[in-house]
Amino acid sequence: MEYTDANQRLIDAIFPKILLSPKEIEKKYPQRILKEGMMVTRISPSPTGPMHIGGMYTALISKRLASQSDGIFYVRIEDTDKKREVQGSLKLIIESLARYGLTTDEGLQVSGAEIGIYGPYTQSERVHIYKPFIRMLLAQGNAYPCFCTQEQLEEMRAQQDLSHIRSGYYGSWATCRTRSIDEAFKRITDDIPFVIRFKSQGNFENKIIVQDLIKGRRELSQNDQDIVIMKSDGLPTYHFAHLIDDHFMGTTHVFRGDEWFPSVPLHLQLFETIGWQPPAYGHLMPIQKIDDGSKRKLSKRHDPEATISYYSEMGYPEQAVIDYLLNLANSNFEDWRKANTRSDNSEFLLSIERLAKSGGPLLDLTKLEHVSKETIAHMSANEVYDASLAWARVYDEKFASRMMTNEEYTKKIFGIERHEGPKARKDIGMWSQVKQEIAYFFDEEFHVDIKDLWNLLGIVDKNDVKGIISDFLKSYDPLDPKEQWLEKLRFLCERHGYAGIIKDFKQNPEQYKGTIIDVTKIFRVFLTGRLDTPDLFELMHVMGYDRITKRLFT
Ligand code: GLU
């Protein structure tokens, strides 16, 4: 083919295969028809490792804002960095989203199928969509091939560092920018590796105003970096791919990590160069933790709680984790939850205005455990059984089989003090605590040394204790309702010189050896080996007559 246009010859050498035209692609992905106010948001994880709690937080915010507006929340897999890809992480990410109820309207599903008409939703499968636009930028003179080697770029960076000059590929540092078309053509035909760079028209000295959905109005320098848009393997970079995808997938609002905020001038410039309307951007402050008295960003490498699998392993109910993240997003969630203990957290109206503008929300595992205890307190005994069994099946098979062989008994144990109100049982904060928490109910787990029990009881008259126990057993009837049981207990106290009513003791302390509290402590210790247990009446009822007598007679 004879070329009259040297640039066209260069472009054809870069893209020898026929590509779709940008117009054809535009036709294939018509604009979404959206009602006023509808948001189309997305989560775009890179399969480079396990799901991070920050990713979950972003997904949660993106999903809630979309669904509150009757919009669309979709998942797009950003897998153009093949070197960093980690086998199996894609599956884990999709499963984590589903597990926490962050299901998507479009994109890859747990089944492995993809839904939605704007796909493929995985970047590595969209190269045929990116290339025509890279070609278009080359034809417009807004992009150029760059042949700088890794060594040359490192050398350039070292020089910039040495001279305290802003680093990057820009201005006179952008050496390939001025390379002649003929020379570039020759290098391409000589098979010299190359990347394609965007030819920025920006000036770093000029400022632009960025209206961030969360941070508000901010002034930033224009972008003047000639960033790589297509790598030597033919795949686009994040900067370029996300822009093409957000356009064709009709994203209206992008919520992403704050680390992307400095790239906004570049992204806006790319949108402007192509002639598209950018989505609105909102940058979320990173989740932090207190370490050694000061705040710092959670570290994927050093903090186990940074990874979402940590929460499954510990056995926090998914609802508690989502409740907690909502609390981090909007602090008024806590009050909402108090007023709506049983409501689904999707009924909470998330507000963009209340998201942290600076600083970053603080992840506090003690607070999460508290939220989790509240969540579990509002679950039914059957729900607690099912969830702890599901956890045990994965993490503690032996415990799972004990639960299954003693299903009725275990459910009764979970049923103790399971009622509404401030006195609801709140001893379980995560499923990994259940085994330990209920161990004493099972004879094979109740290994106590009688000496330890006496020690736990403190200074007491042993004969007195023995007398109280045998007297109690004489009149104990498992069929007694609570009032009757209490009544008998009071009489028992009085018979042995203890105040059945605490007020009586307060009025005449010298008349008594102690109170009903000291007497119940005896039963608590001998039956459970602990000082702190759920309600004694219910506990006895669940343990049953035989177990009680056996333990009290030891
Ligand atoms: N793939 C990017 C990341 O994992 C997503 C950034 C974005 O949401 O645009 O950080």
Side-chain angles (χ1 to χ4, degrees), residues 19-45 58-78 94 97-98 101-133 136 210-214 236 238-256 260 264 267-284 344 346-353 355:
L19 300 174
L20 289 170
S21 72
K23 272 215 177 89
E24 282 170 310
I25 300 171
E26 291 276 4
K27 246 207 215 134
K28 215 173 145 211
Y29 298 106
Q31 263 194 7
R32 292 180 189 266
I33 316 267
L34 299 172
K35 285 204 206 103
E36 180 73 28
M38 268 186 178
M39 284 190 184
V40 179
T41 66
R42 55 27 171 218
I43 179 74
S44 12
T58 309
L60 173 64
I61 289 169
S62 304
K63 177 176 168 105
R64 286 301 158 81
L65 292 171
S67 53
Q68 277 172 208
S69 73
D70 282 330
I72 301 286
F73 169 60
Y74 72 88
V75 58
R76 177 174 75 226
I77 307 304
E78 303 204 323
I94 299 295
L97 288 171
L102 303 178
T103 47
T104 48
D105 303 307
E106 295 172 17
L108 189 62
Q109 307 294 301
V110 176
S111 64
E114 194 178 88
I115 49 174
I117 57 165
Y118 295 90
Y121 291 83
T122 298
Q123 288 184 333
S124 59
E125 294 166 22
R126 295 173 64 80
V127 177
H128 63 289
I129 298 173
Y130 307 126
K131 283 191 172 166
F133 290 92
M136 183 185 90
V210 170
Q211 192 63 42
D212 188 85
L213 289 166
I214 300 164
Y238 161 74
H239 297 297
F240 192 70
H242 99 282
L243 180 116
I244 300 285
D245 294 344
D246 280 333
H247 171 74
F248 286 117
M249 294 178 182
T251 314
T252 60
H253 295 72
V254 170
F255 294 94
R256 60 182 179 184
W260 296 110
V264 173
H267 297 158
L268 296 180
Q269 197 178 45
L270 281 167
F271 269 110
E272 200 183 335
T273 308
I274 303 186
W276 290 335
Q277 176 73 21
Y281 286 106
H283 291 86
L284 295 159
D344 191 300
S346 61
E347 289 171 33
F348 173 74
L349 209 62
L350 192 74
S351 115
I352 298 180
E353 291 72 43
L355 292 168

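As a basis for the values below, the full set of heavy atoms in this structure was taken, side chains included, without hydrogen atoms, waters or symmetry mates.
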What's the shortest heavy-atom distance between P132 and S21, and which atoms? CB-C, 4.4 Å

L65 side, atom CG; L349 side, atom CG - distance, nearest 0.5 Å: 9.0 Å

Verify the distance criterion only: is there a donor paired with an acceptor across the side chains of K63 and T103 at less than 3.5 Å? yes

Test item: Q109 side-chain N/O and I115 main-chain N/O as donor-acceptor pair under 3.5 Å: no

Name all residues meeting the salt bridge (charged side-chain N to carboxylate O under 4.0 Å, His left out) criterion together with D245; count only those two or more places apart in sequence or in a different chain, and write none if there are none. R76, R126

State whether R32 and E106 are salt-bridged, where the test is any N-O pair (Lys NZ or Arg NE/NH1/NH2 against Asp/Glu carboxylate O) under 4.0 Å. yes

Kindly assign one of parallel, tilted or perpendicular to the pair H267 and H239, based on the angle between their ring planes and the thresholds 30° and 60°. tilted

Residue that, paired with W260, satisfies ring-ring contact (aromatic ring centres under 6.0 Å, His included) out of F255, Y281, Y238: Y238

Side chains of I274 and L243, heavy atoms from C-beta outward: is any pair under 4.5 Å? yes

What pairs with F271 under ring-ring contact (aromatic ring centres under 6.0 Å, His included), at least two apart in sequence or on another chain? none

Check whether any side-chain heavy atom of T104 sits under 4.5 Å from a side-chain heavy atom of I94, and report yes or no. no

Under 4.5 Å between any side-chain heavy atoms of V40 and M249, yes or no? no

Identify the residue among T41, T251, D105 that makes a side chain to side chain donor-acceptor pair (under 3.5 Å) with Y74. T251

Please test Y29 against I129 for side-chain contact (heavy atoms from CB on, under 4.5 Å), starting from the C-alpha separation and ending with a verdict. CA-CA 11 Å; Y29 298 106; I129 298 173; 3.4 Å; yes

By side chain to side chain donor-acceptor pair (under 3.5 Å), S351 pairs with (sequence neighbours left out) none

Mind checking what makes side chain to side chain contact (heavy atoms under 4.5 Å, CB included) contact with I43, not counting sequence neighbours? P45, T58, A59, F73, V75, L97

Answer yes or no: is there a side-chain heavy-atom contact under 4.5 Å between L355 and L213? no

Please list, chain by chain and in numerical order, all residues satisfying side chain to side chain donor-acceptor pair (under 3.5 Å) with S44, sequence neighbours excluded. R42

If you look at every heavy atom in L350 and Q68, which pair is closest and at what distance? N-OE1, 2.7 Å

E26: what forms a side chain to side chain donor-acceptor pair (under 3.5 Å) with it, not counting sequence neighbours? H247, W276

